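Atom set for the values below is all heavy atoms of this structure, side chains included, hydrogens, waters and symmetry mates excluded. These figures come from a predicted structure and were not determined experimentally.
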Amino acid sequence: MTFFCTFVPSIMLYTDALPLQLEDDGRYFINLSVSTCLLLAVLYLRLRSKKDPAIPTIAGLETVCTCNSCGRGNCRFYDKEPPLFNTTTTKPNHHQQTTAEVQHSTAILTTYIPSISPYRTETPTIPYTMEKITDKVAALPPDSNYFSLEFFPPKTAMGFANLRDRLERMARGLRPLFVNVTWGAGGSTAQKSLELAEICQRELGLTTCLHLTCTNMSRRLIDKTLEDAKVLGIRNILALRGDPPRAAEYHDENDPEPTDDEEFTWAADLVRYIKKNHGDYFCIGVAAYPEGHAEESHPREQSLEHDLPYLVEKVQAGADFIMTQLFFDIDAYEHFENTLRDHPSGAFKDVMIIPGLMPIQSYQMIKRTTKLSHAKIPPALMARLDAVKGDDEKVKMEGVAIVSEIIERIKEIKSRTPGPRGFHFYTLNLEKAVAFIAERTNLIPPGTPEEDESAILPDFPQLMINGSSVPTRSIQGLSTRKGSIGSDPRDRVIVANQRPSHPDYEASPSEAGLLAEPVNTRANTLAISEGEGVLGREATWDDFPNGRWGDARSPAYGQIDGYGVSLHVTVPQALQLWGSPKTTEDINNIFIRHLKGELSAIPWSEEGFNAETEAIRDSLIKLNSKGWWSLASQPAVNGLRSNDGTFGWGPQNGFVFQKAFVEFFMPSADWRVLEAKLKQPDMKDVVCFYATNAAGDFISTDTVNFRARMAADADGTAEADRRPHEPSTNAVTWGVFPGKEILTPTIIEEVSFRAWSEEAFGIWSEWAKIYGKGSDTQKLLEDLKEDLWLVNVIHHDYVEKDALWELLFQ
């Protein structure tokens, strides 16, 4: 076995006694035995556990395994964050290797490496399975329930690492039958989707269903993805169409000319293609819309009857199960299932139909999601949410009640046909609401005695008595006293004759006498997922995400649907909304008309403005008239009551605050002028800004301040602080409420800004693609993308409401 490492002095500090060979790409090649490699990994983890700043992070490590079939070392296992050792295998280039051979050659890594991952501290290695969903369901008792969970690849490395922990917790506490991993439109999340699928399938032992779209993707990428899925042991694919096909825009010149039956226009084409090339290896699912799919040919009239021929075609092409889009109208779902079961073609008689459900995470999120998916919320349910919309916690719990009621109705509907009853949850990478719903509706399957019993005791060191050792088994056979509730999660003081005033630090004598349950039982893991106790609060810290304005460390950060860059409208709708702009003045007019309410959407937002925008609408129109096109903004607010009709949010009797900010595109020439103004010394504690362009050039208040410190040291005018600049975090919305910590739902910081900027500039290209190549509009939009800067300016004076605008218009 061999070990690769990127040349980092701190790693070489611990490997300088090893045989090294410098490679052409600047990496060092180290020949190691398996045992030595494992010892090196353990040493690395122990050093990292001491938080030694000299030890690098996990990114950049790579292992290479010798192929057991031919002895050549071309079967690679690439390491990507978050796991220390990731076992994604590329197709060997020295000979055609079968799936079984690849699995054999990876056996050592699959068996040993996950157990020493820094993200696997207590759970033993779980061998991955290669099971079809249909086989797993067929093995269930006929009157049982099962459920699956869906996740999307997080936008940031920190989000990916945190999702790894969340997945392991949910797998243990909830025991889903399988999990789904989403796929970005046009393959935009291909690499991240495969990495996430690998974690689920190979590291956590979860049967995984990989989504795969076929439109606006090259056939080479589809073939490669299916081969990669085989290597990872994935045997389940959800075949989707994706965005409306625009073949000319996404054509891959390296693709061979397709035959008539290999053109990808509909999901049925992808089902046929998989069946033709892979036989019955994959279990294939397809999507369905209980209320009908709103397509460009039917933009206003959704019709299940219009969809049925397409759904029949998908099933007859070889689909094994149907998974529905989210819905809240149970009557519409009942009509949908009855229609399919009674269809004269008989196509749906024996096909699994799995209803898709989305837990209601927040009021604004469910409003946006249902708008994008065209799912209707019945007025009675909407009234229940409207009654609590100002309090996120109440919205979430009312949402738990609503979805739980829908599940009970679905159980009743499905009881009319034989077979297990399945449910699919769109988690949005969050766990608390799903855990509540699954427990409330008795969907969680019973655990084995081994899963529900105590944790495995750690190995005890051998005792040396008069030079002889006592066998380990003798010590492990001794009776060990369990800790008490009073010592979980920390030792607490026993307080007699009074109730503990600080339960986290004090315990009554009766509590101290109760034996604590093991921390890693399924019951405790479920309680943590539901947010109970100190561990639960830490696990669900991001339970109220705020889209791109939330914390970039959250697995839920970014787009709620996880499908990457998209205009969220069809090509005909885009042309109707925005026409074919030829000049920057035409672009100005699009943004201004949107601000005035004359356009329902712009490429970066398919939503209208909320009431608070009215306070700064004139300033925004003035800004956009300059050719500074705004994407997001908010006015300054100083201590208004939480029940204020325009700015209020959160629980009653609180007070809310906002810093003014605005985010906008501006020409590079204008940016140079504004940059000089923002970098002036007197602006240091007045504003914070972030700016970047499509090429990735980045500057912010933090980098400016750091360079100023370095310059002062070079001039001898000050002693420099040589620490790297630490990105600042700006809470631009916060609230103070009785009995609660200060809440900060909206923050702006470097990581989230950078992640969003990639998408923001990508939308220019998506917009350009709807016009003919070489057209005036296409050239204008691409030229603008290359020239513009995306700038976010935050003004710290939230008392003076016009301070930000006076700065920008000076």
Closest non-hydrogen atom pair, M358 against L428: CE-CD2, 3.9 Å
By salt bridge (charged side-chain N to carboxylate O under 4.0 Å, His left out), which residues pair with K275, not counting sequence neighbours? D280
Establish, for the pair K230 and Y281, whether the NZ or CZ atom is under 6.0 angstrom from the six-membered ring centre and no further than 45 degrees off its axis. yes
How are the rings of H306 and Y310 set relative to one another: parallel (under 30°), tilted (30 to 60°) or perpendicular (over 60°)? tilted
Apply side-chain contact (heavy atoms from CB on, under 4.5 Å) to the pair L430 and R166, showing each step before the final yes or no. CA-CA 8 Å; L430 297 170; R166 180 161 291 170; 3.8 Å; yes
Electrostatic pair K224-E227, nearest N-O below 4.0 angstrom: no
Could you note down all residue pairs passing salt bridge (charged side-chain N to carboxylate O under 4.0 Å, His left out) where residues 180-194 supplies at least one of them, sequence neighbours left out? none
With a 4.5 Å limit on heavy-atom distance, are the side chains of C283 and R235 in contact? no
Separation between CD1 (I234) and CG (L212), nearest 0.5 Å, reads 11.0 Å
Regarding R164 and E168, does a basic nitrogen lie under 4.0 Å from an acidic carboxylate oxygen? yes
Spacing of L575 atom CG and T777 atom OG1 [to the nearest 0.5 Å]: 9.5 Å
Donor-acceptor pairs under 3.5 angstrom involving side-chain atoms of residues 319-327: please list them, not counting sequence neighbours.
residue: D320; atom: OD2; partner: I284; partner atom: N; Å: 2.8
residue: T324; atom: OG1; partner: G356; partner atom: N; Å: 2.7

Partner residues of F761 under the ring-ring contact (aromatic ring centres under 6.0 Å, His included) criterion, sequence neighbours left out: F665
How far apart are the closest heavy atoms of G184 and T213, and which atoms are they? O-OG1, 3.9 Å
Over all heavy atoms of both residues, which pair between L232 and R202 is shortest? Give the atoms and the distance, please. O-CG, 3.5 Å
Could you walk me through whether L788 and W764 pass the side-chain contact (heavy atoms from CB on, under 4.5 Å) test, one step at a time? CA-CA 11 Å; L788 293 172; W764 283 105; 3.4 Å; yes
4.5 Å side-chain heavy-atom contact, L196 and F160: yes
Counterpart residues, ring-ring contact (aromatic ring centres under 6.0 Å, His included), relative to F151 (two or more places apart): none
side-chain contact (heavy atoms from CB on, under 4.5 Å) between V312 and F348, worked out: CA-CA 8 Å; V312 170; F348 309 105; 3.6 Å; yes
Flag side-chain contact, heavy atom, 4.5 Å: V434 against E431: no
In chain order, what residues pass the side chain to side chain donor-acceptor pair (under 3.5 Å) check against T692, with sequence neighbours excluded? none
Side chains of W183 and T225: closer than 4.5 Å at any heavy-atom pair? yes
Under 3.5 Å, is there a donor-acceptor pair between the side chain of S148 and the main chain of V179? no
With sequence neighbours left out, the residues meeting salt bridge (charged side-chain N to carboxylate O under 4.0 Å, His left out) with D135 are none
Across all chains, not counting sequence neighbours, the side chain to side chain contact (heavy atoms under 4.5 Å, CB included) partners of D697 are N693, A695, W789
Contact summary for T208 and Q201, nearest pair of heavy atoms: N-OE1, 3.0 Å
Results of side chain to side chain contact (heavy atoms under 4.5 Å, CB included) for D223 - residues two or more places apart only: R219, Y273
Quick check for you: to the nearest 0.5 Å, what is the distance between I133 atom CD1 and F178 atom CZ? 4.0 Å
Check the side chains of H211 and T182 for a donor-acceptor pair under 3.5 angstrom, ignoring hydrogens and angles. no
Distance check, rounded to the nearest 0.5 Å: S757 atom OG versus E750 atom CD? 10.0 Å
Can you name the residues that form a side chain to side chain contact (heavy atoms under 4.5 Å, CB included) with Q778, not counting sequence neighbours? A768, Y771, S775, E782
Parallel, tilted or perpendicular, as decided by the 30° and 60° cut-offs, for the rings of F147 and F425: perpendicular
Does the pair K779/D783 count as a salt bridge with the N-to-O cut at 4.0 Å? yes
Heavy-atom check, side chain of L206 versus side chain of L149, under 4.5 Å: no
Residue pair W767 / W604, side-chain heavy-atom distance below 4.5 Å: yes
Could you pull out all residues at least two apart from S193 that satisfy side chain to side chain donor-acceptor pair (under 3.5 Å)? T189
Dump the intermediate steps for side-chain contact (heavy atoms from CB on, under 4.5 Å) on L226 and N277, then the final yes or no. CA-CA 10 Å; L226 292 171; N277 291 279; over 6 Å; no
Taking all heavy atoms of A287 and all of L311, pick out the closest pair and write down the distance. O-CD1, 3.8 Å
Expected output: side-chain K136 to main-chain L177 donor-acceptor under 3.5 Å: yes
pair K785-S765: side-chain heavy atoms closer than 4.5 Å: yes
Restricting to non-hydrogen atoms, name the atom on A347 and the atom on V351 that form the minimum distance, rounded to 0.1 Å. O-CG2, 3.5 Å
Distance in Å, K155 NZ paired with N429 CG, rounded so as to fall on 0.5 Å steps: 12.0 Å
Nearest-0.5 Å distance, CG of residue L167 to CG of residue N162: 11.0 Å
Is there side-chain contact between W266 and E313, with at least one heavy-atom pair below 4.5 Å? no
Sequence-distant partners of A755, side chain to side chain contact (heavy atoms under 4.5 Å, CB included), two or more places apart: T156, Y557
